[in-house]
Number of protein chains: 2
Amino acid sequence: MRKTAAPARRVTIVDVARHANVSTTAVSKVLRNAYGASPEMQAKVRQAMADLGYRPHAAARGMRGQTYSIGVMLPTIRNPFFADVLDGITELLRDAGYQVLIGPGCNGQAEEARVTETMIDHSMDGLILVAPVSSRQHLDRVAGLVPTVTVGRHGRSASYDSVADDDITGARLVVDHLVELGHRRIAHIDHLENDPDRLAEMPNAVRADGYRQAMRAHRLDEYIDIASTSYTQEGGYLGAQQLLSRLHRPTAIFAGADIVAMGALQAIAEAGLAVPDDVAVAGYDNTMFAAFAPISLTSVDQGGRQMGRNSARLILERIADRTRPATHMKLTPTLAPRRTTVTPTP
Amino acid sequence: MRKTAAPARRVTIVDVARHANVSTTAVSKVLRNAYGASPEMQAKVRQAMADLGYRPHAAARGMRGQTYSIGVMLPTIRNPFFADVLDGITELLRDAGYQVLIGPGCNGQAEEARVTETMIDHSMDGLILVAPVSSRQHLDRVAGLVPTVTVGRHGRSASYDSVADDDITGARLVVDHLVELGHRRIAHIDHLENDPDRLAEMPNAVRADGYRQAMRAHRLDEYIDIASTSYTQEGGYLGAQQLLSRLHRPTAIFAGADIVAMGALQAIAEAGLAVPDDVAVAGYDNTMFAAFAPISLTSVDQGGRQMGRNSARLILERIADRTRPATHMKLTPTLAPRRTTVTPTP
DNA sequence: CTGAAAGCGCTAACAA
DNA sequence: TTGTTAGCGCTTTCAG
């Protein structure tokens, strides 16, 4: 009764064609909804596909045409903000009949190159790169090989589309809010950045710039104080420790991301200080954890889900028309004030 | 000067072969470190590959041989526990020269089937399925097509390997701990499960069983109380609300996962109750957020990273030998007691 | 509207 | 040890 250990040959278009008494070309056409297949033929072929449980082999399709799959690179899956972005992406692509595969967390250019190459090697039809740290040169090379969209990053390249948040405004929202509450010693925790490209294009760098601009606008130049660590929980912890050990410690800390604020809160708690009375804290991204009651973190909402949806739309457009000029979207953030800056009035 | 919009043809083994004055077979052999290539030939070919910036086309390789890539399916990227598992997986596979692609969050069997099919369609060499909810039938079918390892799930199939946590022991650790602290009304928040397969195999169901067993062992049968919602933050929130509205409300809540405990803490805070004095809380997974000071959640550590590493090792073994008998590993968890159950003695 | 045939980049038999 | 050849499953000319 049982087949031998032979790994169960796949159903191919040849099988479908035979079953439906048509040519493989016909099957291929139906599969792609291509022009040149009568309704009867369509019906016959679809029936045969259903009967045989046929599934197109993406790898094989990729050798000549499209694979109908999109690669998404996320910097890390530990930052819940990226989950929001991903939700937006999959929501839209799923409905469009595209499959989504994710490249795993990466730190630095080498890792990113590995991930992008892997996706190209798998003949993905398009790439969505979330907050990539690679050089413009690398991004342009990738975009030359496959339609590409960046999310979060600010550069306006001619070879790929982008969706970004207006981080200057986002930082200003936080500083304005804190100043209004009476703070002057407002410090910032940043993701350390040296590369000149990234200094101009990465969201963290732009946020730091926005912070500086806003402080100056309030004539608080002398209180500008940035701890450069990294956009991780540990980075926030170490950054806050630095800031708290200043001769005059800040009364408010603006962390560049919610996950950074998490670490900062940890350091503040360990130092025996109270939030927001001793030190107020604000984050960025308005993730689930910011809204989480025991934390209740003031944060900037950049609409991650919407950014994801937009990037998906852009990649589909670019796949449809590779020659259309690059589109660059910039979304306006809003502030969600919570308990880490505002003491609730009873 | 510039090339036309032609999408830059890829470097293939034909190019490499021509450049090195050898056959394509020779190049293929070098690429695979296969037997039958002299050192000089190896050197020549490798040089040519470097000169031309050659990269193997995974999709094409997949049509005849291996793609050297593994698909990892995660139930969701919102649960930080899965990040630990993923870290263990990538750490090991990267060193083994394998690429890793991740299937995006899925809820329910239909979504899981989509993801597994997608990975099979991309000719992945192996699949690591983390806490899959699919039927055994589906898993066996998948495992028949491609080497497969499950993580977290308990069933001992003959067709795929598995790595699981001893969830019975884990639940007992929590109950013992709470009983020792004087608790009797210990309630549990579970992930609702109806399917008989999953009732026996899913970690959540086994944890609930372990909870019941441990309560009975302490002669606390009458206090057994389970709120069945889901393993999400919202599930924890709703589950805790249910439990807190009981006529006699529990003095301790054992949440089936840290992320569930997060939601429970939110509900408790909103109810104006204190942790751990009014209600003690324990979670499962010992994620970063359990260790996070403002939360400081008592939790069971099942060693996610180690589970990931083990699953990666198993998949490599199975790729190397498809006929070897299935291996099933079970790891023993430990308890990490923290402030949500134990008031620090000053 | 339909189908035969060539070929995508690679690997696996087989021959030399 | 090396090279020749025939596909893998699909799409794409190009005839019918």
Side-chain angles (χ1 to χ4, degrees), chain A residues 6-45 48-49 52-69 117-118 120-125 145-146 319, chain B residues 6-45 48-49 52-69 117 120-125 145-146:
Chain A
R9 202 182 59 77
R10 231 187 131 95
V11 177
T12 73
I13 53 166
V14 177
D15 301 315
V16 176
R18 194 160 25 219
H19 189 87
N21 270 311
V22 297
S23 71
T24 57
T25 309
V27 179
S28 175
K29 279 184 177 159
V30 173
L31 200 56
R32 288 172 292 128
N33 292 312
Y35 177 81
S38 63
E40 309 94 70
M41 161 146 296
Q42 297 231 6
K44 260 201 302 187
V45 171
M49 295 209 273
L52 273 47
Y54 169 78
R55 286 200 45 99
H57 189 117
R61 301 183 89 171
M63 303 226 51
R64 297 288 280 164
Q66 299 182 216
T67 56
Y68 299 94
S69 37
E117 297 300 342
T118 296
I120 294 171
D121 297 346
H122 279 269
S123 325
M124 303 271 177
D125 293 342
L145 294 168
V146 53
I319 288 170
Chain B
R9 204 182 58 78
R10 232 188 130 94
V11 178
T12 73
I13 54 166
V14 177
D15 302 316
V16 175
R18 193 161 25 220
H19 189 87
N21 270 312
V22 297
S23 72
T24 57
T25 310
V27 178
S28 175
K29 278 183 179 159
V30 173
L31 199 55
R32 288 173 292 130
N33 293 312
Y35 177 82
S38 63
E40 309 93 71
M41 162 142 293
Q42 297 231 6
K44 260 201 303 189
V45 171
M49 296 207 276
L52 274 49
Y54 168 78
R55 287 202 43 102
H57 191 120
R61 302 182 88 172
M63 303 225 52
R64 298 289 281 164
Q66 301 182 213
T67 56
Y68 298 94
S69 37
E117 297 299 341
I120 293 170
D121 298 346
H122 278 270
S123 328
M124 303 274 177
D125 293 343
L145 294 167
V146 53

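Hydrogens, waters and symmetry mates are skipped; everything else that's a heavy atom, side chains included, is used. Chain letters run A, B, ... following the sequence lines, proteins first and then strands; every chain starts at 1.
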For the residue pair B:Ser69 and A:Thr118, establish whether any side-chain heavy-atom pair is separated by less than 4.5 Å. no
B:His122 atom NE2 is separated from D:dG9 atom C1', nearest whole Å, by 14 Å
Nucleotide by nucleotide, 5' to 3', does protein get under 4.0 Å of the base (B), only the sugar-phosphate (S), or neither (-) in nucleotides 10-16 of chain C, counting heavy atoms? BBBB---
For residues A:Asp121 and B:Arg61, determine if any side-chain heavy atom of one lies less than 4.5 Å from a side-chain heavy atom of the other. no
Run A:Lys29 and A:Val45 through side chain to side chain contact (heavy atoms under 4.5 Å, CB included) and show every step you take. CA-CA 10 Å; A:Lys29 279 184 177 159; A:Val45 171; over 6 Å; no
For the residue pair A:Tyr54 and A:Val27, establish whether any side-chain heavy-atom pair is separated by less than 4.5 Å. no
A:Ile120 CD1 - C:dG9 P separation (whole Å): 15 Å
Please report the distance, rounded to the nearest Å, between OH in B:Tyr35 and C1' in D:dT2. 12 Å
Ignoring hydrogens and angles, tell me if any N or O in the side chain of B:Arg10 forms a donor-acceptor pair with the backbone of B:Arg55 under 3.5 Å. yes
Rounding to a whole Å, what distance do you find between B:Asp15:CG and C:dC8:C1'? 13 Å
Between atom CG in B:Leu52 and atom P in C:dG9, what is the gap in whole Å? 14 Å
Rounded to 10 degrees, the angle between the two terminal axes of the helix from C:dC1-D:dG16 to C:dA16-D:dT1, each from five pairs: 40°
For the pair B:Met63 and B:His57, evaluate side chain to side chain contact (heavy atoms under 4.5 Å, CB included) and give the outcome as yes or no after the intermediate values. CA-CA 10 Å; B:Met63 303 225 52; B:His57 191 120; over 6 Å; no
Looking at every strand, decide which applies to B:Ala37 at a 4.0 Å heavy-atom threshold: base, sugar-phosphate, or nothing. sugar-phosphate
NZ of A:Lys44 to NE2 of A:His19, rounded to nearest 0.5 Å, is 11.5 Å
Quick one: does any side-chain atom of A:Thr67 pair with a main-chain N or O of A:Ser123 as donor and acceptor, under 3.5 Å? yes
Check the distance between C:dT2's C1' and A:Asn21's CG and give it to me in whole angstrom. 14 Å
